[in-house]
Protein chains: 2
Amino acid sequence: MLDDAYFMRQALAEARKAFEEEEVPVGAVVVINNRIIARAHNLTETLTDVTAHAEMQAITAAANVLGGKYLSDCTLYVTVEPCPMCAAALRWAQISRIVYGAKDPKRGYSGFSPDLLHPRTKVFAGILADECAELMTSFFERRR
Amino acid sequence: MLDDAYFMRQALAEARKAFEEEEVPVGAVVVINNRIIARAHNLTETLTDVTAHAEMQAITAAANVLGGKYLSDCTLYVTVEPCPMCAAALRWAQISRIVYGAKDPKRGYSGFSPDLLHPRTKVFAGILADECAELMTSFFERRR
């Protein structure tokens with residue numbers, strides 16, 4: 001069954017790649033009609049580029065696949081609540097649905113303004129939240 | 001004299017390139033120690049990528065030149081008030097100073113939350129605002 005948990009596990013697999021590359025472990029996939037069209041993980045250190053969040057790369061990759069800049073029929077699965085940069089990018093992309101795992105009380109978009117997202121975008125939070133959060137916690141514990 | 005107006009004219013030159021390419025005419029340059037290290041203009045249509053705003057490309061290009069992801073000693077000059085995506089990216093980059101031309105009451109970051117920027121980032125608005133705004137107005141008039 002290709003449900004939200006299935007696609008979140010794919011995003012988690014991306015997050016684990018980030019972890020292994022000593023990047024903050026966030027992973028994302030973009031899905032249209034039950035098909036994954038983009039997979040990405042955070043690469044800010046590798047690319048020395050603050051804009052290289054998993055979501056940003058996933059948006060760019062999905063638009064390339066679709067041949068258009070709007071992701072109106074797509075769902076983004078991401079292991080951690082998007083930051084304001086990624087939320088606003090997802091607004092520009094007019095994405096239909098966002099499913100995220102762990103909350104990010106400090107850097108998540110919802111702590112700034114829920115209006116950062118497009119008014120028509122539906123948000124589902126908490127899918128595999130514990131696994132997503134544990135990956136982040138163990139990453140930051142290891143770096144201390 | 002290399003003052004704010006000088007660098008904004010360089011950003012305006014980038015915006016005019018966007019205009020000629022039928023892109024929303026926004027241009028940006030990044031400056032460190034009176035030297036331009038990145039020039040960019042909006043390329044969202046050309047690249048079919050909502051993330052290809054002038055500021056985003058300028059951040060990535062400047063970080064490449066500096067070899068590090070933080071732009072703590074840099075000033076970004078941009079012809080129009082940054083949107084929330086770009087403001088939040090500039091926060092991640094910890095940019096020292098932002099100088100922008102025209103206000104964007106509808107899509108500018110300040111209409112969402114001024115906290116989108118880094119608390120230490122200084123903002124100067126209104127440099128060559130009329131020229132920057134006129135370029136936008138004539139672009140959208142032409143498309144009607």
Side-chain angles (χ1 to χ4, degrees), chain A residues 23-24 26 30 38 40 42-72 74 76 81-95 104 106-119 121, chain B residues 23-24 26 30 38 40 42-72 74 76 81-95 104 106-119 121:
Chain A
E23 297 275 1
V24 174
V26 181
V30 176
N42 177 39
L43 282 175
T44 49
E45 297 304 322
T46 307
L47 301 177
T48 47
D49 185 349
V50 296
T51 75
H53 285 191
E55 301 95 315
M56 301 299 278
Q57 298 175 72
I59 292 168
T60 300
N64 278 340
V65 171
L66 296 177
K69 62 182 181 155
Y70 296 116
L71 307 180
S72 343
C74 296
L76 175 96
E81 180 185 353
C83 80
M85 171 179 74
C86 296
L90 291 160
R91 183 194 176 99
W92 284 118
Q94 301 183 14
I95 199 150
D104 188 345
K106 210 172 149 190
R107 283 167 298 254
Y109 77 92
S110 61
F112 290 83
S113 162
D115 298 337
L116 289 168
L117 290 180
H118 197 283
T121 299
Chain B
E23 297 276 1
V24 174
V26 181
V30 175
N42 177 37
L43 282 175
T44 49
E45 298 304 323
T46 307
L47 301 177
T48 45
D49 185 349
V50 297
T51 75
H53 283 192
E55 300 93 315
M56 302 300 277
Q57 298 175 70
I59 291 168
T60 300
N64 277 340
V65 170
L66 296 177
K69 61 180 182 157
Y70 296 116
L71 308 180
S72 345
C74 296
L76 175 94
E81 180 185 352
C83 79
M85 170 181 74
C86 296
L90 291 160
R91 182 194 177 99
W92 283 118
Q94 301 183 13
I95 200 151
D104 188 345
K106 209 172 151 193
R107 285 167 299 254
Y109 77 93
S110 60
F112 290 82
S113 162
D115 297 338
L116 290 167
L117 290 180
H118 197 283
T121 299

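Source: prediction; values computed, not measured. Residue numbering restarts at 1 for every chain, and letters A, B, ... go by the order of the sequence lines.
- Residues of residues 51-58 of chain B having a heavy atom under 4.5 Å from any heavy atom of chain A, listed by number: T51(B), H53(B), M56(B).
- Put simply, CH2 on W92(B) and OG1 on T44(A) are 8.5 Å apart, with the number rounded to the nearest 0.5 Å.
- Summarising the geometry, atom CG belonging to L71(B) is positioned 5.0 Å from atom CD1 belonging to I95(B); distances are rounded to the nearest 0.5 Å.
- Using a 4.5 Å heavy-atom threshold, the side chains of Y109(B) and R91(B) count as separate.
- With chain B as partner, the option from L66(A), I59(A), D115(A), T60(A) having the largest number of non-hydrogen pairs under 4.5 angstrom is T60(A).
- Of all the heavy atoms in V30(A) and C74(A), the pair that sits closest is CG1-CB, 3.8 Å.
- Taken from CG in L117(A) to CG in L90(A), the straight-line distance is 7.0 Å, to the nearest 0.5 Å.
- N42(B) places no side-chain N or O within donor-acceptor distance of the main-chain N or O of E23(B), the cut-off being under 3.5 Å.
- For chain B, no part of Q94(A) is nearby; none of its heavy atoms comes within less than 4.5 Å.
- Contacts with chain A were tallied for C86(B), A87(B), A93(B), A62(B); A93(B) has the most, counting heavy-atom pairs under 4.5 Å.
- For the set S113(A), P84(A), G67(A), the count of heavy-atom pairs under 4.5 angstrom toward chain B peaks at P84(A).
- If you take CE on M85(A) and CG on L116(A), they are separated by 12.5 Å, rounding to the nearest 0.5 Å.
- Considering every non-hydrogen atom in both A38(B) and A61(B), the closest pair reads CB-CB, 3.8 Å.
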